[in-house]
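Here the structure is laid out as structure tokens; the discussion comes afterwards.
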Amino acid sequence: MGELKRRRFVGLGSGIAFTAAAGGGLATAPYARAAAGEAAVTVRAGSTGVAVTPDDARYPDLISGNNQRWTSSPDKIVLPRTTEDVVAAVQEAVTGGRRLSVCGGGHCFEDFVFNADVKININMSLMNAVTFDTAMNAFRVGAGATLLDVYEALYEGWGVTIPAGICHSVGVGGHVTGGGYGNLSRQYGLTVDHLHAVEVVVVDAAGKARSVVAARDSADAALRDLFWAHTGGGGGSFGVVTAFWFRTPGATGAPAALLPKAPSKIFLTLAGWPWEKVTQDGFTALVDYWGKWFEKNNTPGTTAGSLYSWLMLNHRDSGSLGAVVQLDASLPDAASVLSDFLSGMDQALGLHSATTRHDGVLDSQYTSTRLMPWLRGTRYIGAISPTQLDPTTRGSHKSAHLRKPTPRRQIDAMYAHLTSTDLPSTMTGIVLSASGGRIASVSSTATAVAQRDAIMKVNFESRWYAPADDAKNVGWIRRAFADVYGDTGGVPVPNDVTDGCYINYPDGDLADPAFNTSSVPWHDLYWKQNYARLQQVKRTWDPGNVFRHRQSVRLP
């Protein structure tokens with residue numbers, strides 16, 4: 001395929017997930033500020049944590065995340081090293097009536113973590129250890145770890161992994177609590193399908209902070225509910241997660257048998273098709289073929305049911321469309337399954353070219369496949385697109401789940417906006433990512449993730465650098481999304497084709513009647529029938545609504 005151009009892989013960062021957010025919104029603090037002369041609680045004496053205030057040289061680096069549209073100016077940023085440090089920081093915020101937010105990896109698409117109301121931000125990055133807990137018989141992951149921390153520690157130490165996201169700088173705190181999803185999810189399920197327990201700092205009705213451990217098999221029903229809420233309920237609604245424990249349900253034996261085995265080697269394919277060679281008919285056929293292939297090849301445990309792909313429908317101004325495909329090379333007939341899938345995309349576009357065989361896989365002028373060790377491939381795919389790890393960009397995102405291939409009317413609307421002449425950023429487009437497979441083997445109520453039978457996710461995204469370009473790029477995203485889902489009030493309402501939105505790609509517009517003209521409220525777009533149970537968990541574990549943001553779970 002030649003040199004990989006940055007523009008060809010715009011949209012690769014769409015796997016970025018929602019950080020563990022507890023800030024945002026405009027509600028007043030639920031507990032009164034300390035009375036005059038009364039000492040507010042501070043981080044406990046002897047704490048090993050770090051407190052950064054505005055006069056500290058580190059402060060500017062800690063008041064925003066990867067999306068530079070959102071910044072904050074807190075009185076203090078606390079970087080805890082222990083659960084006790086987190087309890088103390090939460091207690092300080094509650095006692096002082098000071099607004100609290102929490103930062104995991106900093107990839108939250110919205111202003112839930114960084115906004116003007118935040119007075120104390122808890123940054124979890126120092127709590128990043130990954131170990132095996134013999135007492136729990138599960139792998140313990142600190143809530144400040146990044147996905148790459150987890151991948152490296154689990155694989156190098158035990159040869160196992162969890163099926164989590166593509167962007168390796170994402171923090172586990174928000175990624176896991178929103179469900180967790182990535183290149184191995186069609187093969188092994190969602191991240192939360194392997195979650196065993198969480199440690200959470202909560203605040204009771206009297207305003208007292210404490211930590212609890214809630215497990216899948218907790219004897220106490222309220223603790224089981226709290227665990228369930230952290231299997232897709234999103235960050236920032238129930239407390240501050242300080243640790244996750246992972247063990248596949250039903251797994252027994254040595255640590256190396258308790259989580260999925262990471263593939264020894266993977267096929268990794270990159271594709272790029274020049275826009276000047278793409279007709280509208282070819283575009284339509286490509287999107288239709290891609291969706292129908294995943295609808296047909298959706299059986300858990302099969303090679304085709306394990307193949308994963310992103311289809312990057314970049315704006316024409318970017319120069320090309322792209323795709324990324326990953327498949328465990330040890331699966332039966334993997335090279336043949338992958339070759340057939342790749343040739344189908346070229347044929348759909350009407351771009352036939354001479355093919356060559358590389359590592360058993362047919363390559364064309366537009367596709368290039370490499371066979372490589374899994375961990376190396378995971379590091380590589382997470383860094384192919386510089387924009388996905390670029391902490392200086394601004395961004396806007398919207399999402400949808402689809403249960404069926406993209407309807408023709410929606411494809412036509414996509415094409416119209418992707419070929420528009422209104423000059424959005426060249427880092428603008430629509431990304432389709434494969435779902436289904438093992439994900440669909442779990443019921444829609446077993447975890448808080450309701451969209452179990454979707455065959456794909458759709459992410460509308462734009463990234464840019466200058467604040468002056470905010471209106472132009474946010475406007476493009478809003479118009480494209482509203483047009484594609486114009487038949488259902490400008491949002492992908494749950495029905496036979498579309499199935500709501502993904503909480504790890506949060507979108508504040510869903511709560512605005514100017515943009516959501518359907519009769520389906522924002523929370524049902526995220527959680528559908530599971531929202532009522534999430535509200536009951538909220539009432540039990542956060543009755544004072546300490547942990548909140550613009551789209552946190554509301555008290556019933």
Side-chain angles (χ1 to χ4, degrees), residues 11-12 14-15 166 181-183 185-187 269 271 273 278-300 302-314 321-327 337-351 366-367 398-419 429-440 451-461 480-481 483-488 491-502 505:
L12 190 59
S14 301
I166 187 174
Y181 159 88
N183 291 16
S185 287
R186 280 171 50 82
Q187 186 170 356
T269 302
W273 302 280
V278 177
T279 65
Q280 183 168 359
D281 286 345
F283 177 91
T284 300
L286 172 66
V287 177
D288 186 59
Y289 165 81
W290 192 93
K292 286 180 177 177
W293 194 94
F294 284 103
E295 179 184 41
K296 178 182 178 182
N297 297 283
N298 201 25
T299 304
T302 63
T303 300
S306 300
L307 183 145
Y308 180 83
S309 174
W310 298 74
L311 182 62
M312 278 86 74
L313 306 175
N314 307 320
L321 304 176
V324 176
V325 188
Q326 178 179 308
L327 181 61
V337 170
L338 177 57
S339 295
D340 290 346
F341 174 69
L342 297 177
S343 63
M345 289 195 289
D346 279 356
Q347 291 170 19
L349 283 163
L351 299 178
Y366 307 104
T367 64
K398 293 181 180 293
S399 71
H401 293 274
L402 263 69
R403 304 174 69 191
K404 299 289 184 182
T406 310
R408 177 62 184 268
R409 196 205 69 78
Q410 292 183 11
I411 297 175
D412 289 346
M414 289 178 177
Y415 183 85
H417 288 279
L418 291 170
T419 58
I430 301 169
V431 184
L432 312 184
S433 52
S435 192
R438 189 72 65 185
I439 298 170
Q451 295 89 356
R452 285 288 182 165
D453 63 356
I455 62 169
M456 72 175 86
K457 289 185 178 70
V458 185
N459 178 21
F460 294 66
E461 72 164 21
F481 193 74
D483 195 6
V484 170
Y485 304 113
D487 292 344
T488 52
V491 295
V493 302
N495 57 33
D496 290 344
V497 176
T498 53
D499 204 22
C501 303
Y502 183 35
Y505 302 162

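As a basis for the values below, the full set of heavy atoms in this structure was taken, side chains included, without hydrogen atoms, waters or symmetry mates. Computed from a predicted model, the values in this text were never measured in an experiment.
- Looking at every heavy atom in both residues, Arg186 comes nearest to Asn297 through NH2-O, 2.8 Å.
- Taking the side chain as every heavy atom from C-beta outward, Phe460 and Ile430 approach each other to under 4.5 Å.
- Within the 4.5 Å cutoff, side-chain heavy atoms of Leu432 are placed close to those of Val287.
- Within a 6.0 Å radius of CZ in Arg408, other residues, nucleotides and ligands contribute 12 heavy atoms or fewer.
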Please lay out, stage by stage, how Leu286 and Leu321 fare under the test side chain to side chain contact (heavy atoms under 4.5 Å, CB included). CA-CA 10 Å; Leu286 172 66; Leu321 304 176; 4.2 Å; yes
Working note: Val458 + Tyr485, criterion side chain to side chain contact (heavy atoms under 4.5 Å, CB included); need CA distance, chi angles, decisive distance, verdict. CA-CA 12 Å; Val458 185; Tyr485 304 113; 4.0 Å; yes
Report the C-alpha separation of Gln280 and Thr419 in whole Å, then their side-chain angles, then the decisive distance to 0.1 Å, and conclude whether the side chain to side chain contact (heavy atoms under 4.5 Å, CB included) test is met. CA-CA 10 Å; Gln280 183 168 359; Thr419 58; over 6 Å; no
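- Interatomic distance, CZ of Arg438 versus OG1 of Thr299, reported as 10.5 Å (0.5 Å rounding).
- Of all non-hydrogen atoms in Leu402 and Gln410, the two that sit nearest each other are CD2-OE1, 4.3 Å.
- The heavy-atom pair separating Phe341 from Tyr289 by the smallest distance is O-OH, 3.0 Å.
- Side chains of Ser343 and Asp346: no donor on one and acceptor on the other come within 3.5 Å.
- Looking at heavy atoms from C-beta onward, Pro494 lies in side-chain contact with Asp499 at the 4.5 angstrom threshold.
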Stepwise, does the side chain to side chain contact (heavy atoms under 4.5 Å, CB included) test hold for Trp310 with Asn183? CA-CA 9 Å; Trp310 298 74; Asn183 291 16; 3.6 Å; yes
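- Going from atom CD1 of Ile455 over to atom CH2 of Trp293 covers 11.5 Å, rounded to the nearest 0.5 Å.
- In this structure, the separation between OG1 on Thr303 and CD on Gln187 is 8.5 Å, given to the nearest 0.5 Å.
- Taking all atoms of both residues into account, the shortest heavy-atom contact from Val497 to Pro405 is CG1-O, 4.4 Å.
- The side-chain contact (heavy atoms from CB on, under 4.5 Å) test applied to Ser399 returns Cys501, Tyr502, Tyr505, not counting sequence neighbours.
- Within the 3.5 Å criterion, the main-chain N or O of Ala271 finds no donor-acceptor partner in the side chain of Thr367.
- In this structure, Arg403 and Asn495 have side chains that are not in contact, with every pair of non-hydrogen atoms separated by 4.5 Å or more.
- Between Lys457 atom NZ and Ser433 atom OG the span is 6.0 Å, to the nearest 0.5 Å.
- Smallest separation of non-hydrogen atoms from Met456 and Lys404: CE-O, 4.1 Å.
- Inter-residue side-chain proximity for Phe481 and Val491 is flagged as met; some heavy-atom pair is nearer than 4.5 Å.
- In this structure, Phe283 and Leu313 have side chains that are in contact, with non-hydrogen atoms separated by less than 4.5 Å.
- Across Phe294 and Ser309, no two heavy atoms sit closer than the pair CZ-CB, 3.7 Å.
- When side chains are defined from C-beta on, Thr284 does not count as touching Tyr415, because their heavy atoms never get closer than 4.5 Å.
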